[in-house]
Amino acid sequence: MNFKRQRDGGEKGKKRKKREERAELSPLLEDEDVKRAVKEAWLQRAQYSHGGLELDCHPFPHCIIRNFIQSDSFTENLQRELLDLNFHEKSNDLYKFNQSDDLKKRKEPHITGLRAALFGLFRSWLGEVLGVELEPTVDISCAKYQYTDVLLCHDDELEGRRVAFILYLVPPWESSDGGTLDLFSTDDHFQPHSVVKSLVPSWNTLVLFEVSPVSFHQVAEVLSEDKCRLSLSGWFHGPSLERPPRHTETPFPRSPHLPRDETLLLEWLNPLYLDVDYQSQVQQEFEDSSEIQLKNFLKEEKFKEVSEALRSTDVQWTKQGPPNRRCFEVASLESFPQCVSACWELLCSEAFFLLLSNFTGLRLHYLSPSDEDKEEEKDQEDEEDREATGSSVYTPSTNKNNKEPSTPVCVGQLRRWAHGDYTLLHDGDASRAEYALDLLLPLSCPDWQTEFGGFTSYVANEEDEELLMVYPEENSLALVYRDKETLKFVKHINHRSSTLPIGDYCRRAVYDFSFVYYE
């Protein structure tokens, strides 16, 4: 006779229910004197410190609670449960890291226990400190930041978010490992200015801060190649703080072309691109895909001359911000070496506007055919066909009008990029989007790798879909036509770019001429 042993004394095949482990939080949270002192300091925007608890209101209110969970074994088991979760790579203009699914329905005993403590006892304590009613909404996930992962400058503001929190479960960590929580000061327009405080992650330490119009922060890029920055984070929800009107940036002034003739083209450009037949071939390819890259665009000797001149210490560079929108340097036009000024004039010249029209089919010069011209040409061809066949039917074009042609204009920058630089999408970008032709001419990037970042990414508005990526390529002119539903950003340049030999390249920098042309 055969017998089968029952599992752990339960019924055959029945799963054993996981038991919730109770999370005992720091005894400081049960001290009424501490709670009153924290509440008063928060209200007065003052500093307070007691034991493992620190409150600081500069640059905005935030609190650090060390040894947040009392039990070492609970914290270690919690870490194990988190590392066993499924993580998904997250990457866009703002961040790159790995994130778990939402933890509000996870059944692991230590995750369940901590969740109950956070949104029970701790939520009540925090609500009393702030003097607001916090909702029981559970909003929590786990993140893993590893080498080159980053979360760039943002304020966390979203309807209903009142307090953000992060619980660190990291190995011994130094500021040199990166991954610090950086807090930004703000200017008179409530825009982030600079990092004024950096919090180094430490084991079993919880950081919380009030979500507000000035709560700008970032997770600095992780520089350690062998450490994992593991954390639990989320938000407590409640009434949002009042937000001042959003600051609107003044757009860069646009300019019509400079009166320069084709002599500039003959002097600077690869003769291939001056061939009329080849221009027609380029236009056909561009009209099919709305983008093209023209390799070896400048004459080799001109390209080398400009590249070497840009590494001159005489060029004046200015950092561009604010950091919730961009971080790179722009050269002062007045400090351009002579050959760089000549290249700039080339890209602004009347002859170049006409050349771009020939490349793209866009009306960037009065000599380029308009849509009406093309319709008339088609009508003329149709009329000739009808006369040849004896047909008397004729339908005039319905697209003709007497609208005055607009004046094509452009705006440009000479930019310098290095480790840590980027641009970000912004809430107001979509409302200001226009039909435009982007031009990019990179310099001094012969060994650039795609894994460094620094590429220009085109995305559909309000969608995750990535439409196109343009990578820095030496002396390769990139042209991209975008509509009102297309936005762009430059991906954060990560620490891997520091592996490039410095050699003749200043700060391991990449330069580019960046222009936008409007019909």
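As the structure is a prediction and not an experimental result, all values here were calculated from the model.
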Between [atom1] on residue [X] and [atom2] on residue [Y], distance to nearest 0.5 Å:
X      : Y      : atom1 : atom2 : value
Lys144 : Leu169 : NZ    : CG    : 13.0 Å
Asp156 : Leu151 : CG    : CG    : 8.0 Å
Gln218 : Leu152 : CD    : CG    : 6.5 Å
Trp417 : Ser444 : CH2   : OG    : 15.0 Å
Lys488 : Asp438 : NZ    : CG    : 3.5 Å
Arg325 : Gln191 : CZ    : CD    : 5.5 Å

Non-hydrogen atoms of [X] and [Y] that approach each other most closely:
X      : Y      : answer
Asn204 : Ile69  : ND2-O, 2.8 Å
Thr148 : Arg496 : OG1-NH1, 3.3 Å
Ser307 : Leu443 : OG-CD2, 3.7 Å
Tyr168 : Ser202 : CB-O, 3.3 Å
Lys104 : Asp102 : N-OD1, 2.9 Å
Trp344 : Leu414 : CZ3-N, 3.8 Å

Between the side chains of [X] and [Y], is a donor N or O closer than 3.5 angstrom to an acceptor N or O?
X      : Y      : value
Asp512 : Ser514 : no
Ser457 : Glu466 : yes
Lys491 : Ser91  : yes
His426 : Glu249 : no
Glu334 : Ser332 : yes
Ser212 : Glu210 : no
Ser198 : Asp182 : yes

For this session: Could you tell me whether Arg254 sits above the aromatic face of Tyr518, with NZ or CZ closer than 6.0 angstrom to the six-membered ring centre and within 45 degrees of the axis?
Result: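 Yes, Arg254 sits over the ring of Tyr518.
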When you measure from the side chain of [X] to the backbone N and O of [Y], does any donor-acceptor pair fall under 3.5 Å?
X      : Y      : answer
Gln449 : Asp447 : yes
Ser100 : Cys142 : yes
Asp483 : Thr486 : yes
Ser240 : Gly160 : yes
Gln320 : Thr318 : yes
Asp101 : Asn86  : no
Asp93  : Leu425 : yes
Asp33  : Arg36  : no
His58  : Asp56  : no
Tyr422 : Pro323 : yes

Problem set entry | Stepwise side-chain contact (heavy atoms from CB on, under 4.5 Å) test for Val315 and Trp317 | CA-CA 6 Å; Val315 180; Trp317 300 93; 3.5 Å; yes
Exercise. Is it true that Phe74 and His110 have ring centroids separated by less than 6.0 Å?
Worked result: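 So the answer is yes for these two rings.
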Exercise. Does the ring centre of Phe60 sit less than 6.0 Å away from the ring centre of Phe184?
Worked result: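 No, ring centres 6.0 Å or more apart.
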Side chains of [X] and [Y]: does their closest heavy-atom pair fall under 4.5 Å?
X      : Y      : value
Leu208 : Cys63  : yes
Pro109 : Arg19  : no
Phe122 : Phe68  : yes
Glu24  : Ser71  : no
His237 : Arg162 : no
Asp429 : Phe489 : no
Leu82  : Ile111 : yes
Arg123 : Phe236 : yes

Are more than 12 heavy atoms, taken from residues, nucleotides or ligands other than [X], located less than 6.0 Å from that residue's [atom1] atom?
X      : atom1 : value
Gln47  : CD    : no
His193 : NE2   : no
Glu133 : CD    : no
Asp188 : CG    : no

For this session: Specify whether His492 and His419 have parallel, tilted or perpendicular ring planes, treating 30° as the upper limit for parallel and 60° as the lower limit for perpendicular.
Result: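 Plane angle over 60°, so perpendicular.
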Exercise. Which of parallel (below 30°), tilted (30 to 60°) and perpendicular (above 60°) describes Phe452 and Trp448?
Worked result: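 Perpendicular: the ring planes of Phe452 and Trp448 meet at over 60°.
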Exercise. Should Lys197 and His62 be marked as a side-chain contact (heavy atoms from CB on, under 4.5 Å) after you check the CA-CA gap, both sets of side-chain angles, and the distance that decides it?
Worked result: CA-CA 11 Å; Lys197 188 171 185 178; His62 59 279; 2.9 Å; yes
For this session: Please step through side-chain contact (heavy atoms from CB on, under 4.5 Å) for the pair Leu103 and Leu232, ending with a clear verdict.
Result: CA-CA 9 Å; Leu103 300 183; Leu232 275 166; 3.1 Å; yes
For this session: In sequence, state the C-alpha distance, the side-chain angles, and the governing distance for Glu221 and Lys96, and then conclude on salt bridge (Lys or Arg N to Asp or Glu O under 4.0 Å).
Result: CA-CA 9 Å; Glu221 182 185 358; Lys96 182 177 81 74; over 6 Å; no
Problem set entry | Lys/Arg N to Asp/Glu carboxylate O, Asp421 vs Arg415, below 4.0 Å |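 Salt bridge absent between Asp421 and Arg415.
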Problem set entry | Residues Tyr458, Val470; criterion side-chain contact (heavy atoms from CB on, under 4.5 Å); working and verdict | CA-CA 8 Å; Tyr458 288 83; Val470 179; 4.1 Å; yes
For this session: Give the C-alpha distance, both sets of side-chain angles, the deciding distance and a yes or no for salt bridge (Lys or Arg N to Asp or Glu O under 4.0 Å) between Glu434 and Arg432.
Result: CA-CA 7 Å; Glu434 301 177 62; Arg432 295 190 299 272; over 6 Å; no
